[in-house]
Amino acid sequence: MVPSFRLRLICRHFFTYRMGDMASKAQMPTPEEALPGRTDSIKISIKHDVNGNRTVPPFPEGTETAMFGMGCFWGAERKFWRQKGVYSTQVGYAGGFTPNPTYNEVCSGMRQGNDAGTTYRSAIYTSTQQQLEEALASKDQYQKVLTEEGFGPITTEVSDGKQFYYAEDYHQQYLSKNPNGYCGLGGTGVSCPIGIKNRP
């Protein structure tokens, strides 16, 4: 049986900075500089707005999780909830030092399209060794194609074992609740060769 996936879209992989410190917006804070956060998790609806599946544990046996940081999580989440085999999607934060951060606490200054801040760096956080190996292999294969097209190195962080923190409920399945909402997802225009037959 093919496992279903519960995907968590993260608002890029790093979060938190000292509010008002404009010079630090393009850098990650140190653990000492990070905001304290909170011990209680952000509460969200237990029912997915699109497919009605659970958004919080427990999930069906055999369900795997993976986290993808792709900039603004609204459009990224919509891309994933439309994929066959995806059980559920949630948006939130991972890869920083602040436990259970709020959206306002994660905003900072790097850029991806209209989205700015270290929160908008790209990441893939896996939950199994197989996922990690596949993510690293796809990164290597895609880099070859990007290089041929004149693009620089992929900067996506690929690792395992990161803690996920839910974003506020109004962010969950946002583009289902707000069909005309903002989606700044773009791309390079270069297809990843994974799943495409190599031509002679």
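Partners of Ser176 according to the side chain to side chain donor-acceptor pair (under 3.5 Å) rule, which considers only residues two or more places apart in sequence or in another chain, are Asp49. By the side chain to side chain donor-acceptor pair (under 3.5 Å) test, Glu148 is found to be paired with no residue, residues two or more places apart in sequence or in another chain being considered. Listed by chain and number, the residues in a side chain to side chain contact (heavy atoms under 4.5 Å, CB included) with Leu136 are Leu132, Val158 (sequence neighbours excluded).
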(request) Could you check Met70 against Phe80 for side chain to side chain contact (heavy atoms under 4.5 Å, CB included), going step by step and ending with a plain yes or no? (result) CA-CA 11 Å; Met70 298 171 57; Phe80 282 103; 3.4 Å; yes

(request) Apply the test side chain to side chain contact (heavy atoms under 4.5 Å, CB included) to residues Tyr142 and Thr188: give CA-CA distance (whole Å), side-chain angles for both, the deciding distance (0.1 Å), then the verdict. (result) CA-CA 11 Å; Tyr142 193 40; Thr188 62; 3.0 Å; yes

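We find the CD-OG distance between Glu133 and Ser138 to be 12.0 Å, quoted to the nearest 0.5 Å. If you take CZ on Phe164 and OG on Ser41, they are separated by 10.5 Å, rounding to the nearest 0.5 Å. Rounding to the nearest 0.5 Å gives a distance of 7.0 Å between OH of Tyr93 and OH of Tyr103. Residue Glu134 holds its CD atom at 4.5 Å from CD of Gln130, rounded to the nearest 0.5 Å. Separation of atoms OG1 (Thr126) and CG (Asp160) is listed at 4.5 Å; rounding is to 0.5 Å. Note that NZ of Lys79 is 13.5 Å distant from OG1 of Thr89, once rounded to the nearest 0.5 Å.
In this structure, the side chain of Gln143 engages the main chain of Ile154 through a donor-acceptor pair within 3.5 Å. Put simply, the side chain of Gln90 never gets that close to the backbone of Val56: no donor and acceptor are under 3.5 Å apart. Checking side-chain atoms of Arg54 against main-chain N and O of Pro58 turns up a donor-acceptor pair under 3.5 Å. Judged purely by atom type and a 3.5 angstrom limit, Glu105 uses its side chain to pair as donor or acceptor with the backbone of Thr102. For Tyr166 (side chain) and Asn100 (main-chain N/O), no donor-acceptor pair under 3.5 Å exists by modelled atom type. Looking at Glu157, its side chain never comes within 3.5 Å of a backbone N or O of Gly95 through a donor-acceptor pair. With Glu33 contributing its side chain and Thr30 its backbone, the two residues share a donor-acceptor pair below 3.5 Å. With hydrogens and angles disregarded, no donor-acceptor distance shorter than 3.5 Å links the side chain of Asn178 to the backbone of Asn180. Judged by distance alone, with hydrogens and angles left aside, the side-chain atoms of Asp169 form a donor-acceptor pair with the main-chain N or O of Ser45 at under 3.5 Å. Using a distance-only test at 3.5 Å, with no hydrogens or angles considered, no donor-acceptor pair links the side chain of Thr55 to the main chain of His48.
The closest side-chain heavy-atom distance from Trp81 to Gln173 is below 4.5 Å. A 4.5 Å side-chain heavy-atom check between Phe97 and Pro31 finds at least one atom pair inside the cut-off. With a 4.5 Å cut-off on side-chain heavy atoms, Val145 and Ser191 do not count as touching. Residues Val91 and Trp74 are not in side-chain contact: their nearest non-hydrogen atoms beyond the backbone lie 4.5 Å or more apart. Side-chain contact between Tyr125 and Thr65: absent, with no pair of heavy atoms (C-beta onward) separated by less than 4.5 Å.
Enclosure of atom NZ in Lys139 by more than 12 non-hydrogen atoms of other residues, nucleotides or ligands within 6.0 angstrom is indicated.
Ring-plane geometry between Phe59 and Tyr87 is classed as perpendicular, the angle between the planes exceeding 60 degrees on a 0 to 90 degree scale with a lower cut at 30. The aromatic rings of Phe73 and His171 sit perpendicular to each other, their planes meeting at more than 60°, with 30° as the lower class boundary.
Closest approach of Ile124 to Ala135, counting heavy atoms only: CG2-CB, 4.0 Å. Shown here for Cys183 and Gly75, the closest heavy-atom pair between the two residues is SG-CA, 3.4 Å.
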